[in-house]
Amino acid sequence: MIPRVLTSPTPDTDIIVIGSGIAGLVAALRCRAHGRVLLITKALLDAGSTRWAQGGIAAALDPADTPAEHRADTLTAGVGLCDESAVETLVTEGPGAVRRLIALGAAFDTTPAGALALTREGGHHRHRIAHAGGDATGAEISRALLEALKDSGVEVVEHALVLDLLLDARGRAAGVTLRLMADAPAPVAVRARAVVLATGGLGQVFQATTNPEVSTGDGVALALRAGAEAADLEFVQFHPTVLWLGPDARGRQPLISEAVRGEGAHLVDHDGARFMTGRHELGELAPRDIVAKGIMTRMRETGTSHMLLDARHFGAAMWERRFPTILAACRFHGIDPVTEPIPVVPAAHYASGGVRTDLDGRTSVPGLFACGEVACTGVHGANRLASNSLLEGLVFAERIAAALGDHLPEPGPPVPTRPPRLLPATARATIQATMTAHVGVLRNADGLNTAEQTLADLAPRPHGRVAGDAGSPRAAVEVPVAPAGGAEEGAAGDVAAWEATNLHTVATAIVAAARRRAETRGSHWRDDYPDADDAWRGHLVVRRAGDGLTADFEGHASIRDEETR
Ligand code: SIN
């Protein structure tokens with residue numbers, strides 16, 4: 001099952017792919033036709049978000065459906081901020097990409113007649129979500145891609161945190177530095193002609209999230225440090241229905257897929273009233289931001305900590321066949337959805353923004369590409385349509401491979417890099433508490449200002465010196481990379497400090513964008529600016545500026561840019 005895994009990477013390769021979810025695995029497999037490929041992943045190959053994806057993958061696969069209808073639903077969910085050409089690419093190339101995934105070995109659920117079984121989720125006007133194992137779609141996709149990886153010739157390094165991008169004298173990507181989590185004494189450098197970021201999400205910036213522990217925004221932080229642009233970061237999507245495990249719930253929380261509502265479950269308050277009826281024509285299947293707001297509003301109106309999802313009418317047989325994973329997770333936590341409603345609450349789920357790319361996954365740093373959740377292709381706008389993320393990872397990973405097949409860059413030798421000063425690992429808890437308290441589903445100026453100040457107070461002092469034992473990397477090639485100035489000892493402490501530093505960078509970027517966007521749009525909900533404002537129909541682009549970040553508005557002329565930090 002496991003492909004060839006190296007204990008330490010080769011010193012140079014052609015293409016480095018970072019991350020092993022659907023985007024990373026597809027990019028690695030398809031890029032292999034164009035050169036040597038090194039796939040680097042932070043934990044085990046199947047530890048990322050893809051494996052946890054329940055609902056499925058959206059594409060116009062039903063003969064009665066069309067890419068145009070999928071496009072319309074995607075644009076509606078994105079509330080005026082989708083890049084229409086990116087959406088067009090997604091919906092027209094999507095069905096073929098899913099068929100190639102099936103040809104590669106992914107087994108989706110079928111109807112008794114042998115057709116693909118398709119379900120509905122929020123914001124979709126049609127049944128167009130293909131699923132596998134009932135509610136274990138990501139696990140099946142991950143299994144099939146890992147199987148294909150076995151004989152692909154792709155080299156793999158597990159348990160390695162990529163730290164920073166190596167750049168040549170002209171600012172082109174020339175490789176990466178990484179920290180092996182096994183007992184390696186120092187960072188390692190690997191040179192490459194192109195680097196593909198597929199590092200997934202940033203949900204761990206909040207206390208409670210559907211994302212796994214590894215989703216610490218490493219790709220966005222690395223890209224910002226390397227000088228790349230990130231966009232739409234204020235649009236963190238909160239999944240409406242995460243199993244409520246009490247006020248002290250921390251870390252990855254069990255997801256109750258939107259497909260449960262797609263199959264007919266109802267959201268009710270503690271009196272049994274269906275509060276989404278009348279709020280939107282699609283009721284409980286409205287786009288995700290609307291359902292999350294509906295739940296939060298009803299929680300505030302009733303002074304309660306959660307709402308309820310009632311699917312008792314499914315009966316035991318349907319629960320067991322269609323949603324075995326969710327049923328098991330609920331029962332593990334003492335809830336039996338066959339006999340009682342499920343307590344649910346919104347939690348951080350998906351970054352609709354990320355590292356800005358063109359339609360071939362190119363970032364603003366030559367030779368650096370991005371796909372999957374770490375990327376901002378423009379497909380999602382202000383709010384991702386349900387089950388568009390696996391499709392986006394698949395389609396744009398294929399496009400990156402095609403672009404690299406057309407042209408593999410030839411960067412010069414890497415120039416010396418200066419690692420960031422690291423925060424202590426303990427900063428992680430403060431960052432998460434701050435983001436949860438002030439930058440969650442509901443935001444306002446006071447909270448965002450408090451968050452900005454707290455993050456600024458935490459920030460590592462500007463560079464005056466690089467702490468640590470400078471100039472002694474265990475570099476396989478002559479690349480001057482100093483071990484970073486972390487407070488912790490050893491590889492594990494070093495990695496925890498890098499993660500805290502990356503979370504801090506990402507949190508600072510989200511707050512910078514969220515403070516500026518003085519309106520409510522998609523998953524960015526300001527209670528001091530409750531309406532959408534056409535003047536804000538544009539993007540906040542975050543860039544590095546000295547030791548800080550700026551969030552500049554690209555769009556309507558009446559919004560003036562300002563330096564945020
Ligand atoms: C879900 O199954 O509700 C999540 C699917 C997604 O986030 O697209």
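Predicted model only: the values in this text are computed from it and were never measured.
- Nearest heavy-atom pair, Val441 versus Trp525, reported as atom, atom and distance to 0.1 Å: O-CB, 3.2 Å.
- The two residues Val374 and Val220 have their closest heavy-atom pair at CG2-N, 3.8 Å.
- Side-chain contact between Thr377 and Asp83 is absent, with no heavy atoms from C-beta onward closer than 4.5 Å.
- Under the 4.0 Å criterion applied to side-chain N and carboxylate O atoms, Arg71 and Glu88 are assigned as salt-bridge partners.
- A side-chain donor-acceptor contact under 3.5 Å links Arg443 to the backbone of Gly440.
- Using a 4.5 Å heavy-atom threshold, the side chains of Ile141 and Phe108 count as touching.
- Here the straight-line distance linking atom CG of Leu25 with atom CD of Glu147 works out to 12.5 Å at 0.5 Å rounding.
- Under the 3.5 Å distance criterion, with hydrogens and angles disregarded, a donor-acceptor pair is assigned to the side chains of Thr210 and His349.
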- Query: Do Asp289 and Phe235 pass the side-chain contact (heavy atoms from CB on, under 4.5 Å) test, and can you show the C-alpha distance, the side-chain angles, and the key distance before you say yes or no?
  - Reply: CA-CA 10 Å; Asp289 59 312; Phe235 299 113; over 6 Å; no
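- Side-chain contact check for Lys293 and Thr520: no donor-acceptor pair (N or O, by modelled atom type) lies under 3.5 Å.
- The shortest distance between side-chain heavy atoms of Leu404 and Cys31 falls below 4.5 Å.
- Contact check for Val214 versus Thr41: no side-chain heavy atoms found under the 4.5 Å cut-off.
- With hydrogens and angles ignored, the 3.5 Å screen pairs no side-chain donor or acceptor of Arg126 with any backbone N or O of Ala60.
- A donor-acceptor contact shorter than 3.5 Å links the side chain of Arg399 to the backbone of Leu359.
- Panel note: side chain Thr209, backbone Phe206; no donor-acceptor pair is recorded below 3.5 Å.
- Closest of all the heavy-atom pairs between Ala513 and Glu234 is CB-OE1, 3.4 Å.
- Within the 3.5 Å criterion, the main-chain N or O of Ala397 finds no donor-acceptor partner in the side chain of Arg30.
- To the nearest 0.5 angstrom, Trp244 atom CH2 is 13.0 Å from His333 atom NE2.
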- Task: Show the numbers, then the answer: is there a side-chain contact (heavy atoms from CB on, under 4.5 Å) between His306 and Leu308?
- Result: CA-CA 7 Å; His306 60 276; Leu308 299 164; 4.2 Å; yes
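- Side-chain contact of His131 with Asp109: a donor-acceptor pair under 3.5 Å is present, judged by distance alone.
- A heavy-atom distance below 4.5 Å is not found between the side chains of Leu255 and Trp52.
- With hydrogens and angles disregarded, a donor-acceptor distance shorter than 3.5 Å links the side chain of Thr137 to the backbone of Gln54.
- Counting only N and O atoms by type, the side chains of Ser352 and Asp232 include no donor and acceptor under 3.5 Å apart.
- With Arg517 contributing its side chain and Trp536 its backbone, the two residues share a donor-acceptor pair below 3.5 Å.
- Scanning all heavy atoms of the two residues, the minimum distance from Thr325 to Ala136 falls at OG1-CB, 4.0 Å.
- Among Ile295, Leu442, Val242, the single residue meeting the side chain to side chain contact (heavy atoms under 4.5 Å, CB included) criterion with Pro346 is Ile295.
- Using a 4.0 Å cut-off between charged side-chain N and carboxylate O, Arg274 and Glu284 make a salt bridge.
- Scanning both residues, Asn388 and Ala58, for their nearest heavy atoms gives OD1-CB, 3.7 Å.
- By the 4.5 Å heavy-atom criterion applied to side chains, Glu301 and Asp269 are not counted as neighbours.
- Put simply, the residue from Arg261, His313, Met276 that forms a side chain to side chain contact (heavy atoms under 4.5 Å, CB included) with His266 is His313.
- Put simply, the side chain of Ser142 never gets that close to the backbone of Ala139: no donor and acceptor are under 3.5 Å apart.
- Results of the side chain to side chain donor-acceptor pair (under 3.5 Å) test with His124 over Arg128, Arg120, His127, Glu121 single out Arg128 as the only residue that passes.
- Contact annotation: the side chain of Leu90 approaches that of Leu391 to within less than 4.5 Å [non-hydrogen atoms, C-beta and beyond].
- Distance check, rounded to the nearest 0.5 Å: CD of Glu281 to CD1 of Ile290 gives 9.5 Å.
- The backbone N or O of Ala551 sits less than 3.5 Å from a side-chain atom of Arg516, completing a donor-acceptor pair.
- With hydrogens and angles left out, the side-chain atoms of Glu373 and Ser389 include no donor and acceptor closer than 3.5 Å.
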- Message: Go through it in stages, so that I can follow the logic: the residues are Leu540 and Leu233, the test is side-chain contact (heavy atoms from CB on, under 4.5 Å), and I'd like the CA-CA distance, side-chain angles, deciding distance and then a yes or no.
- Response: CA-CA 8 Å; Leu540 282 156; Leu233 285 173; over 6 Å; no
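- The aromatic rings of Trp319 and Phe314 are tilted relative to each other, their planes meeting at an angle between 30° and 60°.
- Between the side chain of Asp533 and the main chain of Ala535, a donor-acceptor pair closer than 3.5 Å is present.
- Using a 3.5 Å distance cut-off with no hydrogens or angles, the side chains of Gln237 and Asn383 do pair a donor with an acceptor.
- In this structure, CG in Leu101 is found 9.0 Å from CD in Glu140, a value given to the nearest 0.5 Å.
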- Query: Going through the checks in order, is the side-chain contact (heavy atoms from CB on, under 4.5 Å) test met by Lys42 and Thr216?
  - Reply: CA-CA 11 Å; Lys42 191 169 160 183; Thr216 50; 2.7 Å; yes
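- Side-chain contact, Glu392 with His380: a donor N or O sits under 3.5 Å from an acceptor N or O.
- Inter-residue side-chain proximity for Glu69 and Asp73 is flagged as unmet; no heavy-atom pair is nearer than 4.5 Å.
- Of the inter-residue distances, the one linking Leu81 atom CG with Arg521 atom CZ reads 5.0 Å to the nearest 0.5 angstrom.
- Of all heavy-atom pairs between Leu104 and Ala148, the closest is CD2-CB, 3.8 Å.
- Between the CG atom in Asp218 and the CD1 atom in Ile18 there is a gap of 9.5 Å [rounded to 0.5 Å].
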